[in-house]
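Remember, it's 1-based here, ligands and their atoms both numbered in the order they're listed. In this chain, residues are counted from 1 in sequence order.
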Amino acid sequence: MPVAVIGGGPVGLAAAAHLHAYQQPFVVFEAGSEAGAAVREWGHVRTFSPWRYMVDGAAKSLLESTGWSSPDEDHLPTGHELIDQYVTPLSMHPALRPHVRYNSRVTSVGRKDFDKVRTKGRDQQPFEIRLESGETIEARAVIDASGTWRKPNPAGSGGVGAAGENSHGDRIAYGIPDVAGRERARYAGQRIFVVGSGHSAFNVILDLIALADEAPGTRILWAMRRDNLASVWGGGASDALEARGELGQRAKRAVEAGRIRVLTPYRIRSIANRGGDALSIAGVLGDDDVSVDADQVIVCTGFRPDLEMLREVRLSLDPWLECPTALGPLIDPNEHSCGTVRPHGARELAHPEKDFYVVGMKSYGRAPTFLLATGYEQARSVVAMLAGDVAAAERVELVLPETGVCSTDLAAAAGGCCGGPAPEEANACCVDDAVAKAEGKSGCGCGTSEPALLQIGVRSKT
Ligand SMILES: Cc1cc2nc3c(=O)[nH]c(=O)nc-3n(C[C@H](O)[C@H](O)[C@H](O)COP(=O)(O)OP(=O)(O)OC[C@H]3O[C@@H](n4cnc5c(N)ncnc54)[C@H](O)[C@@H]3O)c2cc1C
């Protein structure tokens, strides 16, 4: 029986390359119509990792055997380039191609004839993989590399959708829409409300600024839940991945130059129809109810793993990150922000269900710091374990580029405003000038360009 790999993204295909190297039969199930279907959706985004971190070792050996040569290792590929120059050629390699099944979404995984409760003889039972089509395939082991792209977090600040959030599909987008390219018509000249404070939000904001330069009337408001803006921008020049550090700094400069208004710390409560084409976003800024009218909302609040399809698998998960229990303390964003993750592999990724592993983006659960280099090392170690090469499985060696931001630096910088000290009279870290003025206080001075301002209504509770 084969090892079943769920997901034909970069990490799922890396697992396939390692399975081939160990001469293990395997089958890859990919929900999309091409390999890397999730990456294709953010294909317009330039990654912050150069090529040298984007190619798996076993995959590289396979590809080089067909005359493929590695792209310039210092170049930062876009998502499209990552697929066209690496993922697709890998998926087409004769060693992988016959074993990758497209348009094959997995809807459930379990043990044949054994529900989750039944123990005796469980480890000897094959896995059963159910596809959306209804087809069932048996496998001796399962590697879930299905990513988290299709499970975005909501705009609601408590992790649950804001009231009404699900009723405006044509006005609310999740992830990183191609606002300056493919979806330009939807956003040009519109009032756009962006939620979130990570790298995805930086990308969207910077693209929207480019759009606003070309399309008059495009206005942007950026809302974040965080109350310490100093922790938002990342490590800048201290980041070992130069482009990752620079992304945050570019967003920071855009805010300081008044290109965008920032509402922080803002907690979204509801999203409702305002009449006409507008949406009304209601939330709380400090102690005040603050509502905003916008035409489009873009939610960049991260992702979470789809655990529903693993309902019948015995999992051991970190209570809040939803990653394997042993991995949680290594990647908890409450504790770690340095990007330094101790090398980990099959041992840390193991679940009570024998021969079942989650690797890649999904292995990090809700933690936001996953890097492909980590996923490739996970895939190598897990496949070695499944092939019985325990020594290779336990020999995990991985040095990740640090973000240049450590929790201790953040604590020292707490209370800052737009990266600098907050004026005493500002009531929050970085209250937008317009809101601060409406409250009779002076803001931080970041965000002063009127044309970019959306209509903000402030109703003091007191
Ligand atoms: C915008 C963006 C930029 C990033 N930039 C970097 C970077 O610079 N450097 C870096 O190291 N990392 C980066 N990452 C993080 C991470 O490396 C990528 O998300 C990477 O694509 C993760 O690879 P993966 O194979 O684990 O998951 P994915 O690429 O998400 O692949 C999962 C695959 O599984 C398929 N699938 C999903 N559900 C099912 C199912 N039920 N059945 C069958 N198939 C399914 C999907 O269609 C998809 O093809 C970035 C992420 C994003 C979103």
- [ ] Tell me, with the steps shown, if Ser157 and Arg225 meet side chain to side chain donor-acceptor pair (under 3.5 Å).
- [x] CA-CA 7 Å; Ser157 54; Arg225 194 178 48 181; 6.0 Å; no

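Side-chain contact between Val383 and Asp389 is absent, with no heavy atoms from C-beta onward closer than 4.5 Å.
The list of side chain to side chain donor-acceptor pair (under 3.5 Å) pairs with a residue in residues 299-309, not counting sequence neighbours, reads Asn153-Arg304. Counting only residues at least two apart or on different chains, the salt bridge (charged side-chain N to carboxylate O under 4.0 Å, His left out) pairs with a member in residues 137-157 are Glu41-Arg150, Lys112-Glu138, Asp144-Lys362.
We find the CD1-CD1 distance between Ile129 and Ile137 to be 7.5 Å, quoted to the nearest 0.5 Å. Atom OG1 of Thr369 sits about 10.5 Å away from atom CG of Leu330, to the nearest 0.5 Å. Atoms CG and CG, from Asp56 and Leu372 in turn, are 9.5 Å apart once rounded to the nearest 0.5 Å.
Near Gly360, meaning under 4.0 Å from one of its heavy atoms, ligand 1 places the atoms 26 (O). Residue Ser104 has at least one heavy-atom neighbour below 4.0 Å for each of these atoms of ligand 1: 42 (N), 43 (C). Less than 4.0 angstrom separates some heavy atom of Ala37 from each of these atoms of ligand 1: 47 (O), 49 (O). Taking every heavy atom of Met309 and a limit of under 4.0 angstrom, the matching atoms of ligand 1 come to 41 (N).
Only the side chain of Ile176 comes within 4.0 Å of ligand 1, counting heavy atoms alone; its backbone N, CA, C and O stay farther away. Contacts between Ala35 and ligand 1, counted as non-hydrogen atom pairs separated by less than 4.0 Å, are absent for every part of the residue. With a 4.0 Å cut-off on non-hydrogen atoms, Ser200 does not touch ligand 1 at all. Contact annotation: for Met54 versus ligand 1, heavy atoms closer than 4.0 Å belong to the side chain alone. Counting heavy atoms closer than 4.0 Å to ligand 1, residue Arg150 contributes side-chain atoms (C-beta onward) but none from N, CA, C or O. Neither the backbone nor the side chain of Asp306 has any atom closer than 4.0 Å to an atom of ligand 1 (non-hydrogen atoms only).
Taking distance alone, with nitrogen or oxygen atoms compared against 3.5 Å, Ala373 stays at or beyond that limit from ligand 1. By the 3.5 Å distance cut-off applied to N or O atoms, Met361 is counted among the residues near ligand 1. Residue Val39 places no N or O, backbone or side chain, under 3.5 Å from any N or O of ligand 1. Between Phe48 and ligand 1, at least one N/O pair is under 3.5 Å apart. Residue-to-ligand polar distances keep Trp42 apart from ligand 1: every N/O pair is separated by 3.5 Å or more. Considering backbone and side-chain N/O of Val11, one or more are found under 3.5 Å from N/O of ligand 1.
When Pro10, Gly147, Ala15 are checked for heavy-atom proximity to atom 29 (O) of ligand 1, Pro10 turns out nearest. Of the listed options Val28, Leu76, Leu372, Leu372 places a heavy atom closest to atom 12 (N) of ligand 1. When Asn103, Val106, Val87 are checked for heavy-atom proximity to atom 41 (N) of ligand 1, Val106 turns out nearest.
In this pair, Phe127 and Phe356 present their aromatic rings tilted. The plane angle is within the 30 to 60° band. Using cut-offs of 30° and 60° for the angle between ring planes, the Phe202 and Trp222 rings count as perpendicular. Ring geometry for Tyr86 versus Trp68: interplanar angle of 30 to 60°, hence tilted.
Note: Phe26 and His20 fail the aromatic proximity criterion, with ring centroids not under 6.0 Å apart.
Evaluated for a ring-ring contact (aromatic ring centres under 6.0 Å, His included) with Trp149, the options Phe303, Tyr174, Phe370 yield exactly one hit, Phe303.
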